[in-house]
Amino acid sequence: MHYVGMNDEHGHSPQEISKRLSKGQRPGHLKDMIYGGIDGAVTTFAIVAGIEGAGLSHVNIVALGVANIIADGFSMAASNYSGTKAKFDERKRIIKIEERHIALHPEGELEGLRQILLMRGLSGAVLEEATTAIAQSKDNWIGLMLTDEYGLANVEPEPMRAALTTFAAFIVAGSVPLVPFVLRLEHAFAISVFATLMTFFLIGTGKSFWSLSKGWHSGSVTLLIGGVAALLTYIVGGLFHPA
Ligand SMILES: [Zn+2]
């Protein structure tokens, strides 16, 4: 039997489905990677373009670029950590609250569960049976409240992983504009511009895995945004160019 069509994103046989579901849900970190990567490439390239535009020595580029990667990368990672930690805490807090409600007002919470399932399309005897069955497991019960009552994803956010992913992506993408200067290549600035634009394109292509948009489209959009940011800093740097 053929379950996988040409354009399907994953298999649909019972075995494939069961394997996929048994892995459990984990928060994805592609978004953390993309934000860190774009910001790393933009801010480091801004320094490169600013210094080049102002006609300053290339020695400054490497020193300031590396300082940016460490400082700005850390700051990006730290703010991603606190943002993700806030989500983590909110989820924990809601679980505690609803555990207390279930202990104090079991009838009311059971009715809440019943109405959630009603909105999901169950009715009659099936609705009553499903309500009773799901209420057997407090995890399943509260899990449904998280998604259907609070609009949260039923996955535990991972603040540390999110932060480390952002930092790593920032360092990798942020290093690209500097490499031609570290290697003291001829035409270092032109190579840096080209490599940075390619980095934007690659990040944009990676973004398409998460947004399901077409790779080249997503790549071109990110290339355009990064290119404009880079051009702006080059122009601003040029304002300070000694005549
Ligand atoms: Zn409640």
Side-chain angles (χ1 to χ4, degrees), residues 3 8-39 73-170 206-213 218:
Y3 285 101
D8 285 356
E9 284 71 24
H10 50 229
H12 295 93
S13 72
Q15 294 89 328
E16 285 168 309
I17 293 171
S18 145
K19 195 176 160 203
R20 205 157 55 236
L21 291 180
S22 65
K23 272 192 219 152
Q25 287 179 304
R26 291 248 343 262
H29 291 290
L30 192 54
K31 212 171 161 176
D32 302 311
M33 199 169 97
I34 284 160
Y35 285 154
I38 290 181
D39 204 60
F74 179 80
S75 137
M76 277 280 290
S79 44
N80 194 5
Y81 179 87
S82 11
T84 313
K85 182 68 166 56
K87 281 194 203 154
F88 179 91
D89 291 341
E90 187 199 17
R91 185 174 180 277
K92 275 264 162 355
R93 191 178 56 85
I94 290 171
I95 291 174
K96 272 230 165 67
I97 289 175
E98 292 301 353
E99 275 174 352
R100 185 162 49 83
H101 289 180
I102 287 174
L104 294 175
H105 317 283
E107 274 78 43
E109 291 296 345
L110 205 61
E111 176 59 19
L113 174 60
R114 215 179 85 36
Q115 293 193 15
I116 286 174
L117 295 174
L118 185 71
M119 289 198 296
R120 283 272 168 143
L122 302 190
S123 62
V126 176
L127 172 61
E128 307 311 323
E129 280 167 31
T131 306
T132 313
I134 291 172
Q136 299 303 308
S137 149
K138 224 185 268 179
D139 282 351
N140 289 340
W141 189 349
I142 294 178
L144 267 175
M145 287 186 200
L146 285 170
T147 56
D148 288 40
E149 202 176 322
Y150 292 91
L152 298 175
N154 192 17
V155 283
E156 190 161 71
E158 300 173 330
M160 204 35 145
R161 265 173 189 275
L164 290 176
T165 307
T166 298
F167 193 54
F170 194 101
K207 196 159 76 178
S208 70
F209 291 112
W210 150 53
S211 65
L212 294 180
S213 65
S218 184

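All values below come from the heavy atoms of this structure, side chains included, with hydrogens, waters and symmetry mates left out. The shown structure was predicted, so the numbers you read here are calculated from the model rather than taken from an experiment. For ligands, and for the atoms within them, numbers begin at 1 and follow the listed sequence.
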Name of the [X] atom (N/O/S only) found closest to the Zn ion (ligand 1):
{"X": "E98", "value": "OE1"}
{"X": "E109", "value": "OE2"}
{"X": "H101", "value": "ND1"}

Discussion item. Would R93 and D89 count as a salt bridge (Lys or Arg N to Asp or Glu O under 4.0 Å) here? Give the steps.
Written reply: CA-CA 6 Å; R93 191 178 56 85; D89 291 341; over 6 Å; no
Worksheet item: Any donor and acceptor pair, going by atom type alone, linking the side chain of T166 with main-chain N or O of D32 inside 3.5 Å?
Response: yes
Discussion item. Checking the side chain of R20 only, and the main-chain atoms of G11 only, is there a donor and an acceptor separated by less than 3.5 Å?
Written reply: yes
Worksheet item: Between L144, D148, V126, which is the residue that forms a side chain to side chain contact (heavy atoms under 4.5 Å, CB included) with L117?
Response: L144
